[in-house]
Amino acid sequence: MDRIRLVGGNELHGEIPISGAKNAALPLMIASLLTREPLVLENVPRLADVTQLEKILENHGVDIAVHGRKSAALDGQRMTLQAAEIVDTTAPYELVSTMRASFWVIGPLLARAHEARVSLPGGCAIGTRPVDLFLYGLRELGAEIDIDEGYVVARAPKGGLRGARINFPKVTVGATHVIMMAATLARGTTIIENAAMEPEVTDVAECLVKMGAKISGIGTRTLTIEGVDELHGATHEVVADRIEAGTYAMAAAMTGGEVLLKNAKAIHLQAALDKLTAAGARVTSEANGIRIYRNGNGIQAVDVETDPFPGFATDLQAQFMGLMTMAQGVSHIRETIFENRFMHVAELARFGADIKVDGQLATVTGVPQLKGAQVMATDLRASVSLVIAGLAAKGETVVNRIYHLDRGFERLEDKLSAVGAEIERVTG
Ligand code: EPZ
């Protein structure tokens with residue numbers, strides 16, 4: 001099994017190109033199910049989750065061509081997806097169980113083929129992650145839903161889904177994507193209240209509009225979607241990955257140095273950049289990216305609470321905790337989105353970090369110096385927090401089980417070694 005081996009202590013200097021966002025690419029690929037015409041996506045990241053979703057979509061009859069899959073350059077892939085016919089409306093357990101976002105095919109399948117049988121995604125390392133809000137929204141659109149042998153079996157009413165007013169009791173990225181996609185082909189108007197306004201939701205909405213959908217309120221808490229009879233093909237570039245950008249920003253704050261995060265947009269991660277600034281880094285927004293700089297001065301302890309966008313992203317919580325392990329003072333980190341997203345704590349402790357957890361609150365007392373260690377990745381963002389802790393630690397670190405990293409970070413070791421980190425992938 002592949003591992004990452006790194007030796008900490010080097011400052012980071014130079015440019016890191018930020019890839020297309022995984023969490024936008026996945027729903028954009030799923031949106032191809034809504035039309036028989038080709039959807040061309042540019043800047044698709046090379047990630048294990050993208051490859052897995054290709055298999056799922058191919059099973060439904062989507063024809064997929066990828067250009068640049070093996071390119072040594074760090075520019076994204078161009079992917080053409082065409083669902084001329086939907087040949088199968090079942091998303092089987094074997095394919096769905098490894099990636100929660102694959103459950104999202106339920107929306108487009110139901111909207112276009114009027115039926116779907118999709119395996120429940122099951123539990124996940126970061127929390128229970130139920131699907132009740134998806135089912136609530138789909139039922140409001142008129143779908144009849146049963147749970148049968150671990151599958152959600154959904155049927156649209158005669159004539160297809162119909163517009164409705166949906167008010168989510170809690171902000172949910174996934175259910176917002178699904179209801180928004182389903183509503184594009186419903187009869188009449190759908191209003192989604194308390195919608196997620198994450199940049200990835202906005203990116204998908206903008207692509208759907210290019211495909212002929214009628215959506216207003218994009219980027220706000222209320223989305224209004226007027227159903228149309230059919231959508232058509234389009235070309236769309238995947239938005240830059242704000243979580244990847246935030247991760248490298250924290251790495252640079254941790255090691256010191258100066259890095260330009262090329263293509264990243266400050267407006268997509270302002271809450272995190274504000275916390276980095278409060279912690280002592282200097283952040284500037286430039287035409288072609290975000291520049292982050294820290295001189296030899298120490299990092300100050302800062303409190304953080306995760307929240308839906310535009311708040312501090314839960315997907316950056318582990319990385320920020322990594323930074324806080326070497327801050328001067330005590331930092332309080334509260335996780336409000338997922339109930340079990342502190343699995344990196346035990347691993348960070350192996351570097352000598354001092355962290356106490358009480359329910360959803362972690363109290364981090366900074367230590368002057370982390371020490372390299374053998375650690376194990378438990379989920380995607382947790383794993384990368386171990387890599388950035390290792391970059392600042394003294395001595396050698398080995399991160400095991402890095403298949404989690406490959407799900408969401410494109411060529412992490414290449415990008416980090418290009419800016420001066422001593423890091424390599426050890427295969428076998
Ligand atoms: C998306 O997950 C992201 N995944 C996650 O990123 C991210 O952490 C999360 O949004 C929050 O920003 C993708 O975009 C592929 P939610 P999602 O529905 O859609 C509860 C990563 O590392 N909830 O916004 O699954 C849920 O349990 C991943 O890239 C219900 O209660 O998250 C959670 O507490 C991990 N019922 C909260 O809502 C439901 O039916 C927010 O979850 C649905 C969700």
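Numbering of ligands and ligand atoms starts at 1, following listing order. These numbers come from a predicted model, not from an experiment.
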**Message:** Does this structure show an ion pair linking Arg341 with Asp315, if we count only N-O contacts that are shorter than 4.0 Å?
**Reply:** yes
**Request:** Examine the side chains of Gln317 and His344 and answer whether a donor and an acceptor come within less than 3.5 Å of each other.
**Result:** yes
**Prompt:** Are the charged groups of Glu144 and Arg155 less than 4.0 angstrom apart, N to O?
**Reply:** no
**Asked** With the threshold set at 4.0 Å, does a side-chain nitrogen-carboxylate oxygen contact exist between Arg425 and Glu413?
**Response** yes
**Message:** Please list, in number order, the atoms of ligand 1 under 4.0 Å from a heavy atom of Val131.
**Reply:** 40 (O)
**Item:** Electrostatic pair Glu410-Lys22, nearest N-O below 4.0 angstrom
**Value:** no
**Prompt:** Can you tell which of Leu53, Asp315, Leu26, Val201 gets a heavy atom nearest to atom 6 (O) of ligand 1?
**Reply:** Asp315
**Request:** Please confirm whether Arg100 comes within less than 3.5 Å of ligand 1 when only nitrogen or oxygen atoms on both sides are compared.
**Result:** yes
**Request:** Taking the side chain as every heavy atom from C-beta outward, state whether Leu391 and Met254 have any atom pair closer than 4.5 Å.
**Result:** no
**Asked** Is there any N or O on Thr314 that sits under 3.5 Å from an N or O of ligand 1?
**Response** no
**Item:** Heavy-atom nearest option to atom 23 (N) of ligand 1, drawn from Leu133, Thr176, Leu380
**Value:** Leu133
**Complete:** Under 4.0 Å between heavy atoms, the region of Phe103 that gets near ligand 1 turns out to be neither
**Request:** Examine Thr172 against ligand 1 and note whether any of their N/O atoms are separated by less than 3.5 Å.
**Result:** yes
**Item:** Option nearest atom 24 (O) of ligand 1 (shortest heavy-atom distance, choices Asp307, Val171, Val173, Asp49)
**Value:** Val173
**Prompt:** Considering Pro130, Ser102, Ala101, Ala21, which one's heavy-atom position lies nearest to atom 27 (O) of ligand 1?
**Reply:** Pro130
**Asked** What atoms of ligand 1 come closer than 4.0 angstrom to any heavy atom of Gly174?
**Response** 18 (O), 19 (O)
**Complete:** side-chain hydrogen bond (donor to acceptor under 3.5 Å, both in side chains) with Ser19: of Arg46, Arg411, Gln77, Lys415, only one passes, and it is Lys415
**Item:** Contacting atoms of ligand 1, where contact means under 4.0 angstrom from a heavy atom of Ile337
**Value:** 33 (C), 34 (O), 41 (C)
**Complete:** The answer for which part of Glu335 has a heavy atom under 4.0 Å from ligand 1 is neither
**Request:** Look at the rings of Tyr136 and Phe168 and say which category their plane angle falls in: under 30° parallel, 30 to 60° tilted, over 60° perpendicular.
**Result:** perpendicular
**Prompt:** Backbone, side chain, both or neither: what part of Lys170 comes under 4.0 angstrom of ligand 1, heavy atoms only?
**Reply:** side chain
**Complete:** Contact region, Asp132 to ligand 1, non-hydrogen atoms below 4.0 Å, reads both
**Complete:** Taking only non-hydrogen atoms of Arg381 and a 4.0 Å limit, the atoms of ligand 1 in range are 21 (C), 22 (O), 29 (O)
**Request:** Provide the number and element of each atom of ligand 1 under 4.0 Å from a heavy atom of Phe134.
**Result:** 40 (O), 43 (C)
**Complete:** If we number the atoms of ligand 1 from 1 as shown, the ones under 4.0 Å from a heavy atom of Arg341 are 8 (O), 22 (O), 35 (C)
**Item:** Contact partition for Lys22 relative to ligand 1, non-hydrogen atoms under 4.0 Å
**Value:** side chain
**Minimum heavy-atom distance between Ser331 and Met324, given as atom pair plus value** = OG-CG, 3.4 Å
**Item:** Carboxylate-amine/guanidinium contact Glu193 Arg165, below 4.0 Å
**Value:** yes
**Request:** Provide the number and element of each atom of ligand 1 under 4.0 Å from a heavy atom of Trp104.
**Result:** 13 (C), 14 (O), 15 (C), 19 (O)
**Derivation of the side chain to side chain contact (heavy atoms under 4.5 Å, CB included) call for Trp104 and Val118** = CA-CA 9 Å; Trp104 301 354; Val118 181; over 6 Å; no
**Request:** Would you name the heavy atoms of Ala154 and Ile106 that are closest together and state the gap between them?
**Result:** CB-CD1, 4.4 Å
